Amino acid sequence: GAGVSQTPSNKVTEKGKYVELRCDPISGHTALYWYRQSLGQGPEFLIYFQGTGAADDSGLPNDRFFAVRPEGSVSTLKIQRTERGDSAVYLCASSLGSSWAQYFGPGTRLLVL
Amino acid sequence: SQQGEEDPQALSIQEGENATMNCSYKTSINNLQWYRQNSGRGLVHLILIRSNEREKHSGRLRVTLDTSKKSSSLLITASRAADTASYFCATDDTGANSKLTFGKGITLSVRP
(Lines give C-alpha, C1' and ligand atoms only; values in the text may rest on other atoms or scores of the structure.)
Protein backbone atom coordinates (compact mmCIF):
# COMPACT_ATOMS: atom_id res chain seq x y z
CA GLY A 1 0.00 0.00 0.00
CA ALA A 2 0.98 3.66 -0.24
CA GLY A 3 3.37 5.02 2.32
CA VAL A 4 3.48 8.43 3.95
CA SER A 5 3.67 11.20 1.39
CA GLN A 6 4.84 14.78 1.87
CA THR A 7 4.58 17.82 -0.32
CA PRO A 8 6.42 19.75 -1.50
CA SER A 9 9.69 17.82 -1.70
CA ASN A 10 11.63 21.05 -1.59
CA LYS A 11 10.63 24.55 -0.60
CA VAL A 12 12.73 27.67 -0.98
CA THR A 13 11.38 30.81 0.63
CA GLU A 14 12.55 34.18 1.77
CA LYS A 15 13.01 35.23 5.37
CA GLY A 16 9.76 36.51 6.78
CA LYS A 17 7.47 34.55 4.47
CA TYR A 18 4.79 32.03 5.47
CA VAL A 19 5.04 28.37 4.44
CA GLU A 20 2.80 25.32 4.65
CA LEU A 21 4.07 21.76 4.55
CA ARG A 22 1.66 18.92 3.94
CA CYS A 23 1.67 15.32 5.17
CA ASP A 24 -0.57 12.50 3.96
CA PRO A 25 -0.28 9.55 6.37
CA ILE A 26 -0.76 5.87 5.71
CA SER A 27 -4.46 5.09 5.45
CA GLY A 28 -5.90 3.95 8.77
CA HIS A 29 -3.08 5.35 10.89
CA THR A 30 -4.56 7.39 13.71
CA ALA A 31 -1.27 8.76 15.04
CA LEU A 32 0.72 11.37 13.12
CA TYR A 33 4.03 12.97 14.07
CA TRP A 34 6.13 15.85 12.78
CA TYR A 35 9.91 15.91 13.25
CA ARG A 36 12.65 18.27 12.09
CA GLN A 37 16.13 17.16 11.10
CA SER A 38 19.15 19.40 10.74
CA LEU A 39 22.27 18.37 8.89
CA GLY A 40 24.29 15.75 10.74
CA GLN A 41 21.69 15.31 13.46
CA GLY A 42 18.92 12.88 14.22
CA PRO A 43 15.31 13.97 13.82
CA GLU A 44 13.82 16.04 16.65
CA PHE A 45 10.20 15.80 17.67
CA LEU A 46 7.85 18.69 16.98
CA ILE A 47 4.23 17.60 17.48
CA TYR A 48 2.07 14.48 17.81
CA PHE A 49 -1.56 14.08 16.76
CA GLN A 50 -3.88 11.32 17.90
CA GLY A 51 -6.85 11.67 15.60
CA THR A 52 -7.69 15.33 15.10
CA GLY A 53 -6.20 16.64 18.30
CA ALA A 54 -2.64 17.58 19.12
CA ALA A 55 -1.77 15.21 21.96
CA ASP A 56 1.70 16.68 22.46
CA ASP A 57 3.05 19.88 20.93
CA SER A 58 5.96 20.26 23.35
CA GLY A 59 8.53 20.12 20.55
CA LEU A 60 7.31 23.16 18.63
CA PRO A 61 10.15 25.68 19.01
CA ASN A 62 8.00 28.81 19.30
CA ASP A 63 4.61 30.26 18.41
CA ARG A 64 5.58 30.78 14.77
CA PHE A 65 5.03 27.05 14.31
CA PHE A 66 1.54 25.57 14.18
CA ALA A 67 0.09 22.32 12.88
CA VAL A 68 -3.41 21.09 12.17
CA ARG A 69 -5.09 17.82 11.30
CA PRO A 70 -8.75 18.82 10.91
CA GLU A 71 -10.20 15.52 9.70
CA GLY A 72 -7.82 13.13 11.39
CA SER A 73 -5.93 12.29 8.21
CA VAL A 74 -3.89 14.90 6.29
CA SER A 75 -1.85 17.28 8.41
CA THR A 76 -0.37 20.67 7.60
CA LEU A 77 2.60 22.21 9.39
CA LYS A 78 2.50 25.98 9.18
CA ILE A 79 5.46 28.28 9.79
CA GLN A 80 4.94 32.02 10.02
CA ARG A 81 7.61 34.70 9.57
CA THR A 82 10.23 32.16 8.57
CA GLU A 83 13.80 32.60 9.75
CA ARG A 84 17.03 31.24 8.29
CA GLY A 85 17.33 28.96 11.32
CA ASP A 86 14.12 27.19 10.26
CA SER A 87 16.01 25.65 7.32
CA ALA A 88 15.93 21.88 7.79
CA VAL A 89 14.27 18.72 6.54
CA TYR A 90 10.76 18.41 7.96
CA LEU A 91 9.70 14.79 8.37
CA CYS A 92 6.25 13.38 8.95
CA ALA A 93 5.53 9.92 10.34
CA SER A 94 2.39 7.94 11.05
CA SER A 95 1.57 4.86 13.09
CA LEU A 96 -1.38 2.68 14.00
CA GLY A 97 -1.38 4.21 17.45
CA SER A 98 0.68 5.13 20.43
CA SER A 99 3.89 3.08 20.80
CA TRP A 100 3.57 1.31 17.47
CA ALA A 101 6.15 1.47 14.68
CA GLN A 102 6.39 4.92 13.09
CA TYR A 103 6.70 5.08 9.32
CA PHE A 104 8.27 8.16 7.83
CA GLY A 105 7.63 10.09 4.66
CA PRO A 106 10.41 11.33 2.35
CA GLY A 107 10.49 14.75 4.01
CA THR A 108 10.28 18.35 2.85
CA ARG A 109 13.58 20.17 2.58
CA LEU A 110 12.96 23.78 3.59
CA LEU A 111 15.50 26.45 2.75
CA VAL A 112 14.95 29.97 4.06
CA LEU A 113 17.08 32.56 2.29
CA SER B 1 17.30 16.37 23.30
CA GLN B 2 19.20 13.33 22.14
CA GLN B 3 18.57 10.19 24.16
CA GLY B 4 19.85 7.33 22.04
CA GLU B 5 23.59 7.52 21.58
CA GLU B 6 24.91 5.32 18.81
CA ASP B 7 28.35 3.82 18.72
CA PRO B 8 30.50 3.92 16.68
CA GLN B 9 29.78 7.20 14.88
CA ALA B 10 31.17 5.80 11.65
CA LEU B 11 31.88 2.27 10.46
CA SER B 12 33.57 1.10 7.28
CA ILE B 13 33.56 -2.58 6.34
CA GLN B 14 34.06 -4.84 3.36
CA GLU B 15 31.11 -6.33 1.52
CA GLY B 16 30.24 -9.71 3.04
CA GLU B 17 31.37 -8.78 6.54
CA ASN B 18 29.03 -8.29 9.47
CA ALA B 19 28.29 -4.82 10.87
CA THR B 20 27.45 -4.27 14.52
CA MET B 21 26.08 -0.96 15.73
CA ASN B 22 25.28 -0.09 19.33
CA CYS B 23 22.85 2.28 20.98
CA SER B 24 22.67 3.39 24.59
CA TYR B 25 19.89 5.34 26.26
CA LYS B 26 19.14 6.81 29.66
CA THR B 27 15.49 6.44 30.63
CA SER B 28 12.78 3.77 30.77
CA ILE B 29 11.37 2.90 27.39
CA ASN B 30 8.26 1.34 25.86
CA ASN B 31 10.16 0.28 22.77
CA LEU B 32 13.24 1.02 20.69
CA GLN B 33 13.19 1.38 16.91
CA TRP B 34 16.01 1.22 14.38
CA TYR B 35 15.91 3.19 11.15
CA ARG B 36 18.02 3.52 8.00
CA GLN B 37 18.40 6.79 6.11
CA ASN B 38 19.89 7.33 2.68
CA SER B 39 21.06 10.73 1.49
CA GLY B 40 19.47 12.67 4.35
CA ARG B 41 15.88 12.06 3.29
CA GLY B 42 13.14 9.74 4.58
CA LEU B 43 13.85 7.17 7.24
CA VAL B 44 13.13 3.52 6.52
CA HIS B 45 11.81 1.58 9.49
CA LEU B 46 13.89 -1.56 10.16
CA ILE B 47 12.82 -3.13 13.44
CA LEU B 48 10.84 -2.28 16.58
CA ILE B 49 11.75 -4.13 19.76
CA ARG B 50 9.56 -3.76 22.84
CA SER B 51 10.88 -3.40 26.36
CA ASN B 52 9.83 -6.95 27.27
CA GLU B 53 11.67 -8.46 24.29
CA ARG B 54 15.35 -9.39 24.18
CA GLU B 55 16.00 -10.21 20.55
CA LYS B 56 14.30 -9.86 17.16
CA HIS B 57 15.26 -10.89 13.66
CA SER B 58 14.27 -9.61 10.25
CA GLY B 59 16.09 -11.09 7.27
CA ARG B 60 19.79 -10.19 7.67
CA LEU B 61 19.05 -7.96 10.64
CA ARG B 62 19.28 -8.96 14.29
CA VAL B 63 18.43 -6.57 17.10
CA THR B 64 19.03 -7.15 20.79
CA LEU B 65 17.82 -5.16 23.76
CA ASP B 66 19.24 -5.18 27.28
CA THR B 67 17.04 -2.99 29.47
CA SER B 68 19.24 -3.54 32.53
CA LYS B 69 22.17 -1.96 30.65
CA LYS B 70 19.91 0.41 28.71
CA SER B 71 21.48 -0.64 25.45
CA SER B 72 20.59 -2.15 22.09
CA SER B 73 22.59 -3.49 19.19
CA LEU B 74 21.84 -3.86 15.50
CA LEU B 75 23.70 -6.58 13.60
CA ILE B 76 23.66 -6.67 9.81
CA THR B 77 25.01 -9.96 8.52
CA ALA B 78 26.65 -10.50 5.13
CA SER B 79 26.63 -6.78 4.37
CA ARG B 80 26.11 -5.44 0.87
CA ALA B 81 27.13 -2.17 -0.78
CA ALA B 82 23.43 -1.23 -0.75
CA ASP B 83 23.52 -1.26 3.07
CA THR B 84 25.61 1.90 2.94
CA ALA B 85 23.52 4.48 4.81
CA SER B 86 23.07 6.23 8.14
CA TYR B 87 21.47 4.17 10.89
CA PHE B 88 19.54 5.63 13.82
CA CYS B 89 18.15 4.19 16.99
CA ALA B 90 15.13 5.91 18.47
CA THR B 91 13.52 5.37 21.84
CA ASP B 92 9.84 5.60 22.72
CA ASP B 93 10.29 6.73 26.30
CA THR B 94 7.83 5.79 29.02
CA GLY B 95 5.41 8.64 29.63
CA ALA B 96 6.61 10.59 26.61
CA ASN B 97 3.44 10.33 24.52
CA SER B 98 5.10 7.91 22.06
CA LYS B 99 7.32 10.60 20.52
CA LEU B 100 10.64 9.15 19.41
CA THR B 101 13.96 10.46 20.66
CA PHE B 102 16.78 9.88 18.19
CA GLY B 103 20.52 9.68 18.46
CA LYS B 104 22.88 11.33 15.98
CA GLY B 105 23.21 8.20 13.91
CA ILE B 106 25.93 5.90 12.62
CA THR B 107 27.35 6.24 9.13
CA LEU B 108 27.95 2.80 7.65
CA SER B 109 30.04 2.42 4.53
CA VAL B 110 30.20 -0.97 2.87
CA ARG B 111 33.03 -1.26 0.34
CA PRO B 112 32.36 -3.43 -2.71
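A, B, ... follow the sequence lines: proteins, then strands. Residue 1 opens every chain. Only a predicted model underlies this, so the values are computations on that prediction, with no experimental measurement involved.
Side chain of B:Gln33 to main chain of B:Asp92: no donor-acceptor pair is present (N/O by atom type, distance under 3.5 Å, no hydrogens or angles). Within the 3.5 Å criterion, the main-chain N or O of A:Ala67 finds no donor-acceptor partner in the side chain of A:Asp57. Remark: the backbone N or O of B:Lys104 is paired with a side-chain donor or acceptor of B:Glu6 at under 3.5 angstrom.
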Discussion item. Would B:Lys99 and B:Asp93 count as a salt bridge (Lys or Arg N to Asp or Glu O under 4.0 Å) here? Give the steps.
Written reply: CA-CA 8 Å; B:Lys99 62 188 177 190; B:Asp93 304 331; over 6 Å; no
Discussion item. side-chain hydrogen bond (donor to acceptor under 3.5 Å, both in side chains), that's the test. Do A:Gln50 and A:Thr30 meet it? Break it down for me.
Written reply: CA-CA 6 Å; A:Gln50 182 59 48; A:Thr30 60; 2.8 Å; yes
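Proximity to chain A at a heavy-atom threshold of 4.5 Å picks out B:His45, B:Leu48, B:Arg50 from residues 44-59 of chain B, in numerical order. Using non-hydrogen atoms only and a strict 4.5 Å limit, no part of residues 71-85 of chain A faces chain B. Residues of residues 6-17 of chain A lying within less than 4.5 angstrom of chain B, judged on heavy atoms, are A:Ser9, A:Asn10 in numerical order.
Atom CZ of B:Arg80 has 12 or fewer heavy atoms from other residues, nucleotides or ligands within 6.0 Å. Within a 6.0 Å radius of CZ in A:Phe66, other residues, nucleotides and ligands contribute 12 heavy atoms or fewer. Residue-environment remark: CG (A:Leu113) exceeds the threshold of 12 foreign heavy atoms within 6.0 Å.
What you find for B:Leu32 and B:Cys23 is that their closest heavy atoms are CD1-SG, 4.2 Å.
With hydrogens and angles left out, the side-chain atoms of B:Ser24 and B:Ser71 include no donor and acceptor closer than 3.5 Å. Looking only at atom types and distance, the side chain of A:Tyr48 has no donor-acceptor partner in the side chain of A:Gln102 under 3.5 Å away.
Counting heavy-atom pairs closer than 4.5 Å to chain A, the top residue among B:Thr107, B:Asn30, B:Asn31, B:Leu100 is B:Leu100. Ranked by heavy-atom pairs under 4.5 Å with chain A, the first of B:Ala90, B:Ser86, B:Ser98 is B:Ser98.
Side-chain contact between A:Cys92 and A:Tyr33 is absent, with no heavy atoms from C-beta onward closer than 4.5 Å.
Under the side chain to side chain contact (heavy atoms under 4.5 Å, CB included) criterion, A:Ala88 pairs with A:Arg36, A:Ser38, A:Tyr90, not counting sequence neighbours.
Under the 6.0 Å cut-off for aromatic ring centres, B:Tyr35 and B:Tyr87 do not qualify, their centroids lying 6.0 Å or more apart.
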